[in-house]
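Side chains included, hydrogens not; waters and symmetry mates left out as well; all remaining heavy atoms used. Throughout, a chain's letter reflects where its sequence line sits, starting with A, and its residues are numbered from 1.
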Protein chains: 2
Amino acid sequence: MMRRLSLEQRRAELIDAAIRVIARDGLATASTRAITAEAGMPLGAFHYVFTSREELISAVIEQVTDEERLAAWFEANLIGEPASLTDILVAGLDAYLRLLETDPGREQALLEVAMHAVRHDQPAVRAQWATYHRAALASLDHAAELAGVRWVEPVERLARSLTASLDGLTIAWLTDRDSEAARAHIRFIARSFAALAVPVVPAAQAPQAPQAPPEHPGGHGREDTAC
Amino acid sequence: MMRRLSLEQRRAELIDAAIRVIARDGLATASTRAITAEAGMPLGAFHYVFTSREELISAVIEQVTDEERLAAWFEANLIGEPASLTDILVAGLDAYLRLLETDPGREQALLEVAMHAVRHDQPAVRAQWATYHRAALASLDHAAELAGVRWVEPVERLARSLTASLDGLTIAWLTDRDSEAARAHIRFIARSFAALAVPVVPAAQAPQAPQAPPEHPGGHGREDTAC
DNA sequence: CCGAATGTTGGACGATCGTCCAAATCGGCT
DNA sequence: AGCCGATTTGGACGATCGTCCAACATTCGG
């Protein structure tokens with residue numbers, strides 16, 4: 001029975017079920033039996049699709065790219081009104097925080113799986129890190145374009161800092177569940193990045209020393225006024 | 001046999017052994033047998049000291065406060081030479097990064113145990129978070145005093161941001177092991193915090209609007225010159 | 001120096017794990 | 001319709017887990 005599902009469908013459903021189980025009860029309780037039960041499949045279906053539990057975990061890492069974070073970021077700035085870079089960054093970060101508040105277990109699951117991979121599956125964690133990096137790059141480019149600014153530091157560096165800042169934001173909120181403090185931290189992050197951008201002047205297309213930018217103001221556009 | 005060890009000594013040695021095992025092979029492999037073997041004790045010694053494995057994990061969380069991070073931070077600024085706030089913060093953060101580079105497994109162990117506690121032992125993780133917060137507070141006060149500045153935002157908020165930034169720094173390095181990029185991120189963090197401090201002027205003890213500080217320069221003292 | 005009390009231990013137990021495989025089931029072809 | 005090869009499955013297996021406890025060792029009052 002159940003011939004109706006193709007191998008790829010079974011594989012995808014098992015991965016989804018695994019994510020739900022890990023989000024609900026943690027990686028330790030995500031046994032082959034728990035996952036197949038969650039997916040409504042017989043136990044034998046597991047090793048019919050995956051050769052081992054480790055392979056399923058690697059598949060989870062590959063599957064769960066940062067698409068949600070990126071989507072939340074971009075959707076947050078759909079409103080076409082012109083805004084300061086700080087506001088744009090705050091909107092993007094706040095969109096991610098709402099995502100985190102909506103489904104904390106999922107983000108915690110991603111963290112648990114990533115930490116597992118750091119120990120036991122270095123290639124997978126490198127790939128996931130690269131995906132995160134691309135998402136951060138796209139977010140920074142998008143924000144700079146919206147605000148009409150350019151970054152005064154290599155955007156590659158800034159992308160890594162943004163990824164690290166997102167992880168820090170996530171861990172802190174998962175630990176104390178203090179959304180108000182998290183939003184204060186978001187403003188801190190946004191202002192920190194905004195301090196590293198300058199308005200793009202159409203005249204100055206000329207090359208400029210990449211390092212040692214010639215004095216850049218703390219912010220730009222609408223100056224930050226409060227906390 | 002082995003009557004020589006008191007209950008407290010056994011307890012402490014089991015906790016240390018557990019940390020070593022978790023640091024080496026992860027929380028999942030830290031079984032009662034692995035821990036007692038690491039400690040050079042018979043299996044029975046485990047439930048002679050702890051009532052359950054969960055109790056041991058909680059004890060690990062309580063034991064491993066942030067004393068190492070704090071110690072590294074303060075020792076980094078023992079050299080009494082006057083320095084800019086940015087340099088002081090960089091020195092403290094770099095000291096922590098060296099700690100992380102020296103013993104990555106240990107910091108990863110703390111993260112794994114903390115994530116476990118977020119799911120299964122909320123009180124323990126709250127206590128650990130409070131300890132982290134106190135350490136961050138002390139670090140910020142220490143840095144401000146050394147640099148002769150005061151923070152223009154509530155130091156409580158800044159302490160939480162510092163804790164989150166440290167966690168983000170840790171996760172990023174554990175993931176890509178890129179020490180150079182991590183040090184660039186450290187400079188980013190240091191400058192971000194330095195932007196939120198103003199020189200303390202002995203004359204101006206007068207109250208000042210805590211929020212909306214009257215325009216503060218991006219940095220202070222020695223202006224940041226490069227990346 | 002010897003029982004009794006205390007402290008200590010290694011093996012036993014039931015549960016659960018990942019993995020495997022022989023049997024059951026199903027879809028298509030004659 | 002009835003058989004056959006491919007697909008699917010639930011139970012079996014050995015390993016390992018946390019926990020417990022009867023047996024062992026040690027100490028000490030007498």
Side-chain angles (χ1 to χ4, degrees), chain A residues 1-61 109 112-113 116-117 119-121 124, chain B residues 1-61 109 112-113 116-117 119-121 124:
Chain A
M1 61 181 67
M2 219 174 216
R3 183 64 134 299
R4 54 195 170 85
L5 264 57
S6 77
L7 249 164
E8 292 179 12
Q9 282 174 324
R10 280 173 174 269
R11 179 183 160 91
E13 290 193 17
L14 279 173
I15 291 175
D16 282 346
I19 294 175
R20 287 196 301 273
V21 171
I22 298 173
R24 191 191 313 125
D25 298 317
L27 182 59
T29 69
S31 63
T32 55
R33 287 168 178 81
I35 293 171
T36 50
E38 172 78 22
M41 294 182 190
L43 173 60
F46 191 94
H47 285 89
Y48 180 69
V49 179
F50 298 99
T51 66
S52 71
R53 180 174 177 268
E54 278 302 313
E55 185 179 306
L56 181 270
I57 295 178
S58 290
V60 167
I61 297 179
E112 286 183 44
V113 172
H116 175 88
R119 282 195 192 279
H120 303 99
D121 194 352
Chain B
M1 60 184 66
M2 224 177 211
R3 182 64 135 297
R4 54 194 169 84
L5 265 56
S6 76
L7 250 165
E8 292 180 14
Q9 282 174 324
R10 278 173 174 273
R11 179 183 160 92
E13 290 193 16
L14 279 174
I15 292 174
D16 282 346
I19 294 176
R20 287 196 301 272
V21 171
I22 299 172
R24 192 191 311 128
D25 300 314
L27 182 59
T29 69
S31 63
T32 56
R33 288 169 178 80
I35 293 171
T36 50
E38 171 77 22
M41 294 182 192
L43 172 61
F46 190 95
H47 284 88
Y48 180 68
V49 177
F50 297 100
T51 65
S52 72
R53 181 174 176 268
E54 278 303 312
E55 184 179 306
L56 182 270
I57 296 179
S58 290
V60 167
I61 297 179
E112 287 184 42
V113 171
H116 175 88
R119 281 195 193 281
H120 303 99
D121 193 352

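Here the P atom of nucleotide C:dT9 and the CG atom of B:L7 are 11 Å apart, to the nearest Å. For B:R11 and C:dT8, the CZ to C1' distance is 19 Å, given to the nearest whole Å. Straight-line distance from the CE atom of B:M41 to the C1' atom of C:dG7: 14 Å, rounded to whole Å. Atom CZ in A:F46 sits roughly 12 Å away from atom C1' in C:dC17 (whole-Å rounding). B:E54 has its CD atom 16 Å from the P atom of D:dC17, to the nearest Å. The interatomic distance linking B:E13 (CD) with C:dT8 (C1') rounds to 15 Å, in whole Å. Separating the CG atom of B:L14 from the P atom of C:dT8 is a distance of 12 Å, rounded to the nearest angstrom.
A salt bridge links A:E112 with B:R119: at least one charged nitrogen is closer than 4.0 Å to a carboxylate oxygen.
Contacts of residues 20-28 of chain A with DNA chain C (heavy atom under 4.0 Å): none.
The minimum heavy-atom distance between B:A124 and B:I61, with the atom names listed, is O-CG2, 3.8 Å. Taking every heavy atom of both residues into account, B:V21 and B:A34 meet most closely at CG2-O, 3.9 Å.
Comparing A:T29 and A:G44, the nucleotide of DNA chain C nearest to each residue sits closer to the 5' end for A:T29.
Looking at heavy atoms from C-beta onward, B:L43 lies in side-chain contact with B:T32 at the 4.5 angstrom threshold. In this structure, A:L14 and A:I35 have side chains that are in contact, with non-hydrogen atoms separated by less than 4.5 Å. Counting only heavy atoms from C-beta outward, the side chains of B:F50 and B:R11 approach each other to under 4.5 Å.
When the C1' atoms of four end pairs are superposed on the next four at each end of the helix from C:dC2-D:dG29 to C:dT30-D:dA1, using five pairs per end, the two resulting axes differ in direction by 30°, to 10°.
Phosphate contact (OP1/OP2 of D:dT9, side-chain N/O of A:R10, threshold under 4.0 Å): present. For the OP1/OP2 pair of D:dT19 and a distance below 4.0 Å, the side-chain nitrogens and oxygens of B:H47 include at least one atom meeting the criterion.
For A:L43, whose side chain is taken as the heavy atoms from C-beta onward, the closest listed nucleotide among D:dT19, D:dG10, C:dC17 is D:dG10. With distances taken from any side-chain atom of A:R33 to the nucleotides D:dA12, C:dT9, D:dT9, the minimum falls on D:dA12. Nearest nucleotide to the A:Y48 side chain, out of D:dT19, D:dT9, C:dT9: D:dT9. Considering only side-chain atoms of A:R53, the nucleotide from D:dG18, C:dT19, D:dG10 that sits closest is C:dT19.
As judged by a 4.0 angstrom heavy-atom cut-off over every strand, B:S31 is placed among residues touching the sugar-phosphate backbone only.
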Kindly determine whether B:D121 and B:I57 satisfy side chain to side chain contact (heavy atoms under 4.5 Å, CB included), including the steps that lead there.
CA-CA 9 Å; B:D121 193 352; B:I57 296 179; over 6 Å; no
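Atom CD1 of B:I15 sits about 14.0 Å away from atom CZ of B:R10, to the nearest 0.5 Å. Atoms CG and NE2, from B:L27 and B:H116 in turn, are 6.0 Å apart once rounded to the nearest 0.5 Å.
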